[in-house]
Protein chains: 2
Amino acid sequence: MSVANEKLEDQPVSKQRLRLWLQMLKTTRFIENELREELRLGFQSTLPRFDVMAMLDRTREGLRMSQLSKQLMVSNGNVTGIIDRLVQEGFVMRVQVKGDKRATLVRLTPKGIEKFAEMAAEHERWINEHLKEIDETEIGHFIDILSKVREEDH
Amino acid sequence: MSVANEKLEDQPVSKQRLRLWLQMLKTTRFIENELREELRLGFQSTLPRFDVMAMLDRTREGLRMSQLSKQLMVSNGNVTGIIDRLVQEGFVMRVQVKGDKRATLVRLTPKGIEKFAEMAAEHERWINEHLKEIDETEIGHFIDILSKVREEDH
DNA sequence: CAAAAATACTTCAAGCCTAAAATTTTGAGC
DNA sequence: GCTCAAAATTTTAGGCTTGAAGTATTTTTG
């Protein structure tokens with residue numbers, strides 16, 4: 001590729017991608033702020049707790065701490081603290097894995113399942129409202145682009 | 001709208017929007033994790049500090065604390081702590097606004113300008129690499145969709 | 001089988017983040 | 001000038017987050 005090409009084509013695209021990234025960040029931050037507020041006022045809960053409960057709701061038999069932190073892309077030590085508080089509140093319980101005394105299985109309590117169902121219904125409504133401008137065709141396209149980013153990046 | 005319609009059309013779209021949101025979150029979290037690591041290893045810095053410096057670099061005459069927190073969409077008290085550390089490191093300085101003793105102007109020091117220039121160049125390269133799968137046509141489309149979300153939501 | 005390496009998790013220190021309360025200063029209305 | 005609401009920022013308490021160090025257990029390997 002020529003030097004002229006680099007100046008005329010690569011540079012602008014690189015700046016555009018940067019602009020796109022800043023928009024992505026701003027938009028997700030905006031929606032996260034809204035959700036945080038809604039969870040706080042409506043359920044006296046937080047986003048991280050909701051995320052953990054959502055993951056546990058999908059796997060009722062429970063998940064290991066390491067699986068949780070990997071799926072949520074947050075550190076190991078972080079999950080420990082969030083689970084501590086959820087256990088404290090009675091929404092989650094720790095169960096020993098038999099055959100491996102190092103591991104812990106974490107699962108929702110009946111109270112946790114009930115609470116999550118309420119939160120999830122509202123959550124879906126909030127998201128649908130915030131993203132209402134994106135139509136069915138765009139959703140698919142958008143998801144494709146996003147998954148390409150994560151695939152490529154390994 | 002009929003009940004049948006609601007079941008056949010609204011429900012699925014609402015689920016799809018939810019899925020889209022989860023993908024957005026996962027993708028931005030992934031890229032943020034990469035950037036955090038790169039800033040830490042390459043510059044002994046952090047994402048929040050970089051964000052603040054980026055904002056200050058765009059407005060060399062300085063910004064008020066309140067403008068900073070509004071632009072970055074983070075709380076007032078949060079910015080105080082980040083600026084404290086940047087001042088400590090010598091990259092930022094606080095200047096009194098004359099005519100209003102309540103307000104503080106914050107601006108980059110020469111050392112801060114220099115440091116930021118280095119970081120910004122690398123940062124643009126990292127973003128361009130992570131988003132390399134998104135071509136010029138898609139970028140524009142993507143940005144349009146994102147801005148619609150924030151517009152609509154007020 | 002004993003030593004070493006790997007795995008699962010927790011603890012720790014430091015930084016980021018929020019909402020709410022506190023502090024200081026400003027600006028109106030009297 | 002005085003009073004008081006509004007504005008700009010900091011402080012505070014509590015929760016989230018990370019990377020690194022620590023503990024216990026399991027697996028590998030010599």
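Chain A is the first sequence line, chain B the second, and so forth, proteins listed ahead of strands; every chain is numbered from 1.
- Rounding to whole angstrom units, CG of residue B/Asp84 and P of D/dT11 are separated by 7 Å.
- Listed candidates were D/dT18, C/dC17, C/dA8. Nearest to the side chain of A/Ala103 is C/dA8.
- Side-chain rings of A/Phe116 and A/Phe91 stay apart, their centers remaining 6.0 Å or farther from each other.
- B/Leu47 comes within contact range of no nucleotide atom at all, as no heavy-atom separation falls under 4.0 Å.
- As judged by a 4.0 angstrom heavy-atom cut-off over every strand, A/Gln67 is placed among residues making no nucleic acid contact.
- The NZ-C1' distance, from A/Lys70 to C/dC9, rounds to 16 Å in whole Å.
- Across the protein-nucleic acid pair, B/Ile83 atom CD1 and D/dT10 atom P stand 9 Å apart, rounded to whole Å.
- Following rounding to the nearest Å, A/Ile82 (CD1) and C/dC17 (C1') show an atom-to-atom distance of 13 Å.
- The side chain of A/Arg64 lies closest to C/dA8 when the candidates are C/dT25, C/dA8, D/dT9.
- Distances were taken from every side-chain heavy atom of B/Asn76 (C-beta onward) to each of D/dT9, C/dT7, D/dA8; the shortest belongs to D/dT9.
- Rounded to the nearest 0.5 angstrom, B/Ile83 CD1 and B/Met65 CE are separated by 5.5 Å.
- Taking 4.0 angstrom as the limit, A/Arg49 places none of its side-chain polar atoms (N or O) nearer than this to OP1 or OP2 of D/dG15.
- Under the 4.0 Å criterion applied to side-chain N and carboxylate O atoms, A/Glu61 and A/Arg107 are not assigned as salt-bridge partners.
- Base engagement by B/Gly77 is indicated by at least one non-hydrogen atom pair under 4.0 Å involving a base atom.
- Side-chain atoms of A/Ser75 lie closest to D/dT17 of the nucleotides C/dC16, C/dT26, D/dT17.
- Across the interface with DNA chain C, nearest-nucleotide mapping of A/Leu105 and B/Gly81 shows A/Leu105 to be the residue nearer the 5′ end.
- To the nearest angstrom, C1' of C/dT25 lies 18 Å from NZ of B/Lys98.
- For the pair B/Met65 CE and C/dT23 P, the interatomic distance rounds to 19 Å; values are reported in whole Å.
- Using a 4.0 Å cut-off, no side-chain N or O of A/Arg29 falls inside it from OP1 or OP2 of C/dC16.
- Looking only at distances, no side-chain donor or acceptor of B/Arg17 sits under 3.5 Å from a matching main-chain atom of A/His130.
- Listed nucleotides C/dC16, D/dT9, D/dG19 differ in distance to B/Arg40; the shortest reach to its side chain belongs to D/dG19.
- Across C/dA19, C/dA8, C/dT25, the shortest atom-to-atom separation from the side chain of A/Asp100 is found for C/dA8.
- In this structure, the CD atom of B/Gln88 is 14 Å from the C1' atom of C/dG15, given to the nearest Å.
- Listed nucleotides D/dT25, D/dG19, C/dT11 differ in distance to A/Thr80; the shortest reach to its side chain belongs to C/dT11.
- No donor-acceptor contact under 3.5 Å links the side chain of A/Arg102 to the base of D/dA24.
- Expressed to the nearest 0.5 Å, how far CH2 of A/Trp126 lies from CD1 of A/Ile31 amounts to 13.5 Å.
- Counting non-hydrogen atoms under 4.0 angstrom, A/Ser66 reaches the backbone sugars and phosphates but no base.
- At C/dT18, one or more side-chain N or O atoms of B/Asn78 fall inside 4.0 Å of OP1 or OP2 (strictly under the cut-off).
- Checking side-chain atoms of A/Thr59 against main-chain N and O of A/Leu56 turns up no donor-acceptor pair under 3.5 Å.
- Under 4.0 angstrom from either OP1 or OP2 of D/dC16 there lies at least one side-chain N or O belonging to A/Thr46.
- Residue A/Arg94 is classed as a sugar-phosphate contact, given heavy-atom separations below 4.0 Å to backbone atoms only.
- One interatomic measurement links the two molecules: CG of A/Asp51 to C1' of D/dT17, which rounds to 13 Å at whole-angstrom precision.
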